[in-house]
Amino acid sequence: MSATAANHSDCPEVKVPVPLFFTIGVVSLAENLLVVVAVIRNRNLHSPMYCFICSLAAFNTIASLTKTWENLMIVLANGGHLEKKGPSETNLDDVMDSLLCMSFVGSIFSFMAIAADRYITIFHALRYHNIMTMRRTKTALAVVWTTCGVSAVLMVRFFASKLIMILFVVFFVVSLAIICFLYVYMFMLARIHARKIAALPAVGGGKCRRRRRWGGGTRGALTLTILFGVFVVCWAPFFLHLVIIMVCPANPYCECYRSLFQLHVLLLMSHASIDPAIYAFRSAELRRTFRKMLLCSEWKRCR
């Protein structure tokens, strides 16, 4: 992408060593697979929120696997074992681009689903299990994965069209705005409700139970806010790259930013490895599950 400018730039393209790409790809792949397996095997994690987190980890796994696969193809092509522009290689590249787009769209939808789940947890706690049933959760996940798969294929198939690229960027910006609004609204209401709870007279342990419920809900919302913030930091440079391609494809100053493209890709891959660390740091149940999985040879013996 960075070679599309007509003007020459004084900014050389920044190259990231291929072993670094491989290392981050393998680490993030192992971490996210660990999250997926942990959620599947631990029945205490069979809740809507962790199902959405598992879905997010699965999308991150696809992104890590795709970029590792692509880097391997680049190494083979540079070694003369593959044609860089052969028909089979081009088709394979389209498949990898589709998987990467699917992981991006899936991450956005997963964050939206998690934000909605946290909202219901905090503000409709008594009706939460009636609203967020596992059946509805599975239906939502099926819709998300189907929508992401179809939209990813369409994006890659028609990505040469500037309209598709614009829609891609607009989807990113609008999604960020919606999620940010939901989180800000959530925390504002949480503060108001917390003050109301604090003003209530203490009757038995009711007040303490309400505080614990609100504390757990807001802690979960804070965890997902951190995850979302990391997502924005890691993906925004890539989307700015797309905007620059559309706005100033022949400007040497824009070319300087596009010379950092490999660093932007490195950020995308790093995002998939950062998320599991946040899960483990913020969730005691996940930390216990990870320890059991990593330190015990037999799962049943650990329980």
Side-chain angles (χ1 to χ4, degrees), residues 25-68 99-121 128-129 131-149 151-152 175 179 216-217 219-231 234-235 268-294 296 299 302-303:
V26 171
V27 170
S28 61
L29 180 62
E31 288 178 346
N32 284 283
L33 281 176
L34 188 64
V35 172
V36 173
V37 174
V39 173
I40 291 174
R41 299 189 69 172
N42 188 345
R43 293 184 179 180
N44 293 332
L45 300 177
H46 290 184
S47 65
M49 185 190 75
Y50 281 107
C51 286
F52 292 132
I53 287 179
C54 182
S55 177
L56 178 61
F59 282 120
N60 284 340
T61 300
I62 292 174
S64 302
L65 186 61
T66 301
K67 293 308 299 180
T68 304
L99 291 174
L100 192 60
C101 286
M102 185 177 75
S103 66
F104 160 74
V105 177
S107 296
I108 286 285
F109 279 123
S110 295
F111 281 119
M112 287 183 176
I114 292 170
D117 177 81
R118 289 297 87 195
Y119 180 87
I120 296 171
T121 301
Y128 175 79
H129 293 291
I131 298 173
M132 292 299 298
T133 63
M134 288 304 295
R135 182 177 180 179
R136 289 178 179 175
T137 300
K138 292 176 182 177
T139 301
L141 289 174
V143 171
V144 166
W145 279 82
T146 302
T147 303
C148 292
S151 60
S175 299
I179 298 174
R219 179 178 173 82
L222 180 60
T223 300
L224 275 306
T225 303
I226 295 171
L227 289 172
F228 178 65
V230 171
F231 175 82
C234 292
W235 279 88
L268 300 187
M269 297 180 66
S270 300
H271 167 252
S273 63
I274 295 172
D275 276 359
I278 298 175
Y279 304 149
F281 178 74
R282 302 286 298 181
S283 172
E285 186 65 34
L286 265 179
R287 287 198 301 272
R288 286 192 293 268
T289 306
F290 289 157
R291 283 196 295 268
K292 289 178 180 179
M293 292 174 61
L294 294 174
C296 301
W299 178 261
C302 299
R303 298 184 68 177

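Hydrogens, waters and symmetry mates are skipped; everything else that's a heavy atom, side chains included, is used.
- Not a single donor-acceptor pair under 3.5 Å links the side chain of Thr146 to the backbone N or O of Val143.
- Here CG of Leu56 is found 10.5 Å from CD1 of Ile108. Values are rounded to the nearest 0.5 Å.
- Atom-to-atom distance recorded for Thr121:OG1 and Tyr128:OH is 4.0 Å, nearest 0.5 angstrom.
- In terms of heavy-atom proximity, Ile131 sits nearest to Arg136 at O-NH1, 2.9 Å.
- Ring orientation note: the planes of Phe231 and Phe104 are close to parallel, at an angle under 30° on the 30°/60° scale.
- Distance OG1/Thr133 to NZ/Lys138: 10.0 Å, rounded to 0.5 Å.
- Side chain to side chain, Ser28 and Ser64 meet the donor-acceptor criterion of an N or O pair below 3.5 Å.
- The minimum heavy-atom distance linking Ala152 with Met102 is given by the pair CB-N, 3.5 Å.
- Closest of all the heavy-atom pairs between Val36 and Ala58 is CG2-N, 4.0 Å.
- Rounding to the nearest 0.5 Å places CD1 of Ile62 at 6.5 Å from CG of Leu99.
- Proximity of a side-chain donor or acceptor of Asp117 to a complementary backbone N or O of Ala113 within less than 3.5 Å is not detected.
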Test Leu29 against Thr68 for side-chain contact (heavy atoms from CB on, under 4.5 Å), laying out the working first. CA-CA 9 Å; Leu29 180 62; Thr68 304; 5.7 Å; no
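- At distances below 3.5 Å, at least one donor-acceptor pair connects side-chain atoms of His46 with backbone N or O atoms of Ile40.
- Summarising the geometry, atom CZ belonging to Phe109 is positioned 7.0 Å from atom OG belonging to Ser175; distances are rounded to the nearest 0.5 Å.
- Annotation for Cys148 and Phe59: closest pair SG-CZ, 4.2 Å, computed over non-hydrogen atoms.
- Side-chain N or O atoms of Asn32 include one that pairs as donor or acceptor with a backbone N or O of Ala272 at under 3.5 Å.
- Here the shortest heavy-atom pairing between Thr289 and Asn42 reads OG1-ND2, 2.6 Å.
- Distance check: Phe52 CZ to Met132 CE gives 4.0 Å after rounding to the nearest 0.5 Å.
- Although no hydrogens or angles enter the test, the distance criterion places no donor-acceptor pair under 3.5 Å between the side chain of Ser55 and the main chain of Cys51.
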